[in-house]
Structure formats: C-alpha cells, structure tokens
Amino acid sequence: SLSGRDLPIGDFSTEKSNWLEPPESLHAAGIAGAGASASGSERHTSCEHATVPDEIPSILEIASSQLGEVTISLSYDSALGGPNFQLPSIDELRGLMELRCLQSYKLIDPNFDVIKILTDMCECISELATNSSNQSQEGNEMPALDVLKKSPTRGDAEKNKENGCCKAAMMLNESFDNHCSGNGFVDNVGRKELVVAPQHHLTSNELRHVLDASDITKGEENFEISWVNEINKEFPTPFQYISDNLVFQNAHVSFSLSRIGDERCCPTCLGDCLLSQKPCACACQAGGKFAYTPEGVIKEDFLEECISMTRDPQKQCLLNCTECPLERSKADDFPEPCKGHLQRKVIKECWIKCGCNKQCGNRVVQRGVNYKLQVFLTPDGKGWGLRTLENLPKGAFVCEFVGEILTIPEFYVRNREKHTSPVLLDAYWGLKGVPKDEEALCLDATCFGNVARFINHRCLDANLIEIPVEVETPDLHYYHLAFFTTREVHALEELTWDYGIDFDDLDHHVKTFQCRCGSKFCRNMKRSI
C-alpha cells in the first residue's frame with residue numbers, strides 16, 4: 001500500500017538483522033502461486049526488508065516463498081497522513097507517477113506505463129537469477145533495459161492492475177542485499193549494480209509535447225490523436241492545435257445568418273436529408289445530387305470525377321484571373337499573367353438554418369475527425385507524417401485542412417520572415433473577375449493548425465484528395481478544404497496528398513523541396529530519355 005504524500009528522497013538500506021514481519025496484506029495478496037502460502041518460519045528465512053531511518057517511516061519489502069514466488073511491496077506509515085489519511089486508488093497512483101516520470105525523463109512513448117515497469121523489473125530479476133544458477137557470476141554484466149523500445153501497451157497495463165494493487169509474482173529463488181541512496185544508484189542487487197538514468201531538463205515546448213503524446217489535439221477532436229517517434233528522440237515542431245479556421249487579421253470572412261437565404265438552405269427538411277425522396281435546396285446547389293452516401297462516404301461517380309479533374313491533364317480546367325492576386329501581391333513593376341487556378345467540384349453541406357438534425361447525412365465535414373489517426377516520424381526522411389490506425393474505405397472523410405486565414409499580402413509578408421506552406425482557397429478566383437485583397441485567401445497551419453499539417457506530399461497517386469466544402473457562408477471566396485480517401489487505405493498506412501507543386505516553377509508560392517514521395521509518377525524525379 002502506498003500513501004499519496006510526497007516523501008523526501010534519502011538513503012535507506014536493508015538490514016538483515018531487522019527481520020521485520022511483513023504486513024498481513026502482503027502475505028494474503030502479495031505472495032501468489034499454486035494457492036500455497038509460506039509458513040511463518042519460511043517467511044522469516046525468505047524475506048528481507050529495506051527500512052528507512054526513523055524520520056521516514058517507510059518500508060521496502062521483498063518477500064518470497066520456498067516455491068520462489070516474489071512480491072515487492074512499498075508501505076508507508078498511515079500516520080503520516082493524519083486523521084484524514086486515505087489511500088489513493090491504483091489509477092490515481094499510476095497517473096501521478098507517470099506524470100512525474102514524464103517531467104523528469106524524456107520518455108516520449110505514449111504507451112509508457114509505471115505498473116508494467118514494476119512487472120518488467122521482477123521478470124528481469126527472475127531471468128538474471130535463473131541465468132546466474134547456470135553460469136559463473138564472474139564476468140556477468142547487467143544487460144541494459146531500453147524502456148522506450150520495449151514499451152507496454154495499455155492492454156497489458158490493465159491486466160496488471162486488475163487486483164487493485166502493485167504486485168508481481170515471479171519465480172525467484174534468491175534474496176538480495178539492497179542499498180539505495182539519493183545519488184540515483186541501487187547497489188548490490190544480486191551482487192550487481194542498477195544505474196538510474198540522470199534527469200533531463202525539458203524545455204516548455206518539449207514538456208508540452210510529452211504531456212500531449214497521447215492526444216496532440218488536447219481534446220479538440222472526437223478521437224484522441226497520439227504522436228509517436230520510433231526513430232530517435234525528436235519532438236514535433238511546436239504549434240497550437242485548433243479545430244476550426246481562424247482569421248489572422250485582414251481576411252474578410254463573414255458568418256451571417258441574414259445573408260443565407262431560403263434558396264441556400266433547406267429549412268423545411270426533417271431528420272436526414274439523404275432519406276428524402278427528392279434533393280433539397282442544399283443538394284441543388286451542388287448539381288442536384290447529394291455527394292454523400294448514407295454510409296457517410298463520397299459517392300463513387302462524384303469521387304472519380306473529382307480525381308480526374310485534379311490528376312488527368314485532359315480533364316483539367318484552369319481558370320485564369322484578369323489580375324491574379326498572387327502576382328499583384330508581389331508588387332513587381334511588371335507582374336506576370338495568371339498561371340491558372342484548377343477548377344474543382346464543390347460539396348454543399350447543410351448547416352444551422354436547415355431543418356435537418358446534426359446527424360443528417362449531408363453533414364460530414366462539420367462533424368470533424370471520426371477515424372483513429374496517429375502522427376509519426378517517417379523512416380524515409382520526410383519528417384513527421386500522418387497515418388491511420390484503422391482501415392479506411394474509399395471516399396471516407398479523414399480531416400480538413402485547418403489553419404490561420406490569411407490574405408495573399410499577409411502571406412507574402414509572413415513568407416519573407418519564415419518558410420511557410422500555405423494552401424490557397426482559389427477554387428473561384430477565375431470566376432469572380434478580380435478578387436479583392438481581403439477576399440483572396442489562403443490557409444497557413446505553421447503556428448496554428450490541426451492534424452492535417454502533418455500530411456506529406458505525394459505526386460499524382462496520393463491516397464487523399466482535397467475537395468472544397470461549403471458550410472457556413474455563401475461567399476465563394478471562403479470554404480473548407482476537406483480530405484477524402486481516393487481508395488481503400490489499410491491500417492498503419494501513411495496518408496498523403498498531392499500539393500500540386502510544379503517543381504520546375506521556381507516562382508511557385510510554395511517553396512520547392514527535394515521530393516521523397518517514392519511514387520513512380522514523381523514529378524521531381526530525373527528521368528532519362
């Protein structure tokens with residue numbers, strides 16, 4: 001049993017002459033195996049107790065029976081807590097211990113679990129003790145234990161805490177003389193030395209990422225999204241997680257109910273619009289048909305048309321601006337003509353003024369992430385990436401690209417100060433004549449963004465495609481940019497999308513990079529004739 005009080009770390013050592021009787025709880029629940037319990041004399045000859053000085057009345061007990069079962073017990077005098085002393089639960093203990101370990105050490109694996117560490121320690125002692133009976137002690141060395149590379153799963157931890165106590169019963173026919181001091185060493189354990197790793201001082205950003213390892217979204221999404229580094233000890237680049245786009249300063253984005261007329265919503269609909277016999281007003285704005293199926297994925301024909309418009313040169317349609325905002329914002333004396341903006345199909349979702357409910361089949365993107373995802377460090381040099389932890393069907397909504405809403409002039413000012421990779425909201429630029437500066441917008445997820453900022457580029461055959469989705473406003477210059485799967489995606493497969501970069505265009509708004517997508521269609525690959 002452990003108290004919740006913080007105790008100072010001091011020197012304590014085992015004295016064989018003490019031979020204190022272990023508490024009854026230790027013998028009743030701690031010593032397990034074959035239903036047998038050791039007798040009093042057996043316990044006196046097989047148990048050793050590590051006691052601390054009188055000012056710190058705590059006891060470390062290692063007890064074993066003749067059969068070899070062992071239990072390590074930490075017990076504190078309940079009088080330390082006063083009249084209101086109450087033992088914490090195993091979950092409270094584990095949570096506090098894990099928090100302190102994360103603050104003191106660079107343990108970046110989200111599966112780190114204190115209870116499993118105790119069990120692993122007993123298993124290692126048992127293994128070493130067994131090996132020592134067959135080998136000479138001379139020349140033996142304690143193997144290094146890499147906790148990060150052999151991390152337990154939460155499932156294992158749940159099994160270890162079922163009985164509500166920190167216990168590990170293992171076969172062990174050897175006793176130990178322990179001496180532990182505040183310098184971080186445990187001496188003479190089986191005549192060897194265990195070294196505790198020194199503490200590392202984490203920066204505020206590193207500590208924030210460590211604490212957010214199990215959920216990088218900080219609770220902003222429907223599902224927790226963990227991050228994991230299986231390559232080295234690098235941390236993700238610091239950023240603030242947001243689940244909705246936010247205007248930085250000058251962007252003109254207005255969400256006004258009065259500007260949404262009845263012709264742009266379906267106030268007479270009930271329940272699920274997809275179940276109605278004829279398309280509602282929202283469907284009519286997207287070509288007279290709903291883009292989604294009742295299962296929540298994009299219809300096959302709609303998806304294939306979006307893919308072909310993006311990837312097939314013969315079906316691509318470029319819209320040219322009379323005066324392109326990208327060229328105008330460069331403030332050159334002789335701006336170049338517009339290079340064209342890709343025409344796209346658009347999805348129109350129901351919203352607040354519609355009569356349907358939140359679970360309407362035409363409300364997919366606005367309900368957020370609904371699949372289990374994970375941020376991970378890629379092994380092929382692409383940096384951080386995003387992968388799925390479950391199989392995804394074709395046409396499934398994964399996430400939208402979320403970031404700060406910038407005007408193009410704001411983007412160029414920011415890009416001069418640091419490297420940014422914005423996403424243009426240019427689907428309608430060529431249809432509106434000359435867009436105003438405050439209406440020519442892009443999204444920047446460098447400082448504020450969501451999980452989509454980790455999606456890597458892949459030329460042509462990426463497994464995600466971006467589709468504009470209108471939700472809150474009839475203004476054509478602002479929309480959501482949603483990612484849908486172009487095919488079935490298997491669990492643990494990296495999610496990618498084509499940034500649309502022309503690697504031969506040195507004047508592209510996104511700074512070119514050495515592409516490592518690995519696609520056979522890579523546009524950055526040097527091909528022989």
Side-chain angles (χ1 to χ4, degrees), residues 242-248 250-257 259-261 263-266 281-287 289-292 298 302-303 305-307 309-310 317-319 321 325-326 341-354 360 362-369 395 397-408 410-411 422-433 435-445 448-450 452-453 455 464-484 497-500 509:
I242 56 176
S243 57
D244 297 295
N245 294 320
L246 297 176
V247 174
F248 168 64
N250 296 327
H252 176 68
V253 178
S254 176
F255 299 155
S256 174
L257 293 177
R259 299 178 64 246
I260 304 177
E263 72 280 359
R264 300 193 64 87
C265 61
C266 53
C282 294
C284 293
Q285 295 180 56
K289 296 181 180 179
F290 288 111
Y292 302 120
I298 292 184
F302 187 92
L303 179 62
E305 189 173 356
C306 291
I307 295 175
M309 291 177 64
T310 304
C317 180
L318 296 179
L319 303 176
C321 305
L326 290 175
H341 305 279
L342 191 65
Q343 185 180 20
R344 303 175 184 273
K345 291 186 69 66
V346 179
I347 298 175
K348 174 65 174 70
E349 290 195 356
C350 299
W351 197 46
I352 291 178
K353 290 194 71 173
C354 298
C360 171
N362 197 39
R363 299 176 184 236
V364 174
V365 173
Q366 59 192 276
R367 288 202 294 263
V369 177
F397 168 66
V398 176
C399 64
E400 68 169 296
F401 191 96
V402 172
E404 295 178 87
I405 308 174
L406 304 178
T407 64
I408 300 304
E410 288 173 340
F411 155 67
V423 175
L424 298 180
L425 301 182
D426 61 347
Y428 294 105
W429 282 7
L431 297 177
K432 295 189 62 177
K436 300 177 182 179
D437 283 344
E438 66 272 16
E439 294 181 350
L441 309 178
C442 66
L443 300 175
D444 182 15
F448 294 82
N450 72 337
R453 72 193 300 276
I455 303 178
L464 297 181
I465 186 173
E466 71 279 13
I467 300 178
V469 178
E470 296 178 11
V471 181
E472 308 95 340
T473 174
D475 294 333
L476 299 181
H477 63 269
Y478 175 76
Y479 50 82
H480 296 263
L481 196 68
F483 293 106
F484 296 87
W497 68 291
D498 191 338
Y499 293 177
H509 66 278

Would you say K289 has more than 12 foreign heavy atoms packed within less than 6.0 Å of its NZ?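 Check fails, neighbour count at 12 or below.
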Set out, in order, the CA-CA distance, both residues' side-chain angles and the distance that settles side chain to side chain contact (heavy atoms under 4.5 Å, CB included) for L441 and V253, then state yes or no. CA-CA 9 Å; L441 309 178; V253 178; 3.8 Å; yes
With heavy-atom distances below 4.5 Å as the criterion, would you say the side chains of I465 and L303 are in contact? yes
Just wondering, do Y479 and I467 contact through their side chains at under 4.5 Å, heavy atoms? no
About how many Å separate [atom2] of [Y] and [atom1] of [X], when rounded to the nearest 0.5 Å?
| X | Y | atom1 | atom2 | answer |
| --- | --- | --- | --- | --- |
| R453 | L443 | CZ | CG | 13.5 Å |
| K348 | C282 | NZ | SG | 4.0 Å |
| L425 | L476 | CG | CG | 12.0 Å |
| L464 | D498 | CG | CG | 11.0 Å |
| T407 | E438 | OG1 | CD | 8.5 Å |
| I347 | F302 | CD1 | CZ | 4.5 Å |

Give a yes or no on whether the backbone of [Y] and the side-chain of [X] come within a donor-acceptor separation of less than 3.5 Å.
| X | Y | answer |
| --- | --- | --- |
| N450 | V402 | yes |
| E410 | F248 | no |
| H477 | H252 | yes |

Mind checking what makes salt bridge (Lys or Arg N to Asp or Glu O under 4.0 Å) contact with [X], not counting sequence neighbours?
| X | value |
| --- | --- |
| K345 | E305 |
| R259 | D475 |
| E400 | none |
| E470 | R264 |

Using the side chain to side chain donor-acceptor pair (under 3.5 Å) criterion, which residues pair with [X]? Sequence neighbours excluded.
| X | answer |
| --- | --- |
| R344 | E466 |
| S254 | none |
| Y478 | N245 |
| T310 | none |

According to ring-ring contact (aromatic ring centres under 6.0 Å, His included), who are the partners of F397, at least two apart in sequence or on a separate chain? F484
By ring-ring contact (aromatic ring centres under 6.0 Å, His included), which residues pair with W497, not counting sequence neighbours? F483, Y499
Where is the tightest heavy-atom contact between [X] and [Y], given as atom of each residue plus distance?
| X | Y | value |
| --- | --- | --- |
| A281 | C265 | CB-O, 3.1 Å |
| V365 | A482 | CG2-CB, 3.7 Å |
| C442 | L424 | CB-CD2, 3.9 Å |
| L481 | P468 | CD1-N, 4.3 Å |
| P474 | I260 | CD-CG1, 4.1 Å |
| C399 | V369 | CB-CG2, 4.0 Å |

So, using side chain to side chain contact (heavy atoms under 4.5 Å, CB included) as the criterion, who are the partners of C284 when residues are at least two apart? none
Return the set of residues passing side chain to side chain contact (heavy atoms under 4.5 Å, CB included) with A440 (not counting sequence neighbours), or none when no residue passes.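 Here the qualifying residues are P325, I408, W429, P435.
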Which of these passes side chain to side chain donor-acceptor pair (under 3.5 Å) with E349: H480, R367, Q366? Q366
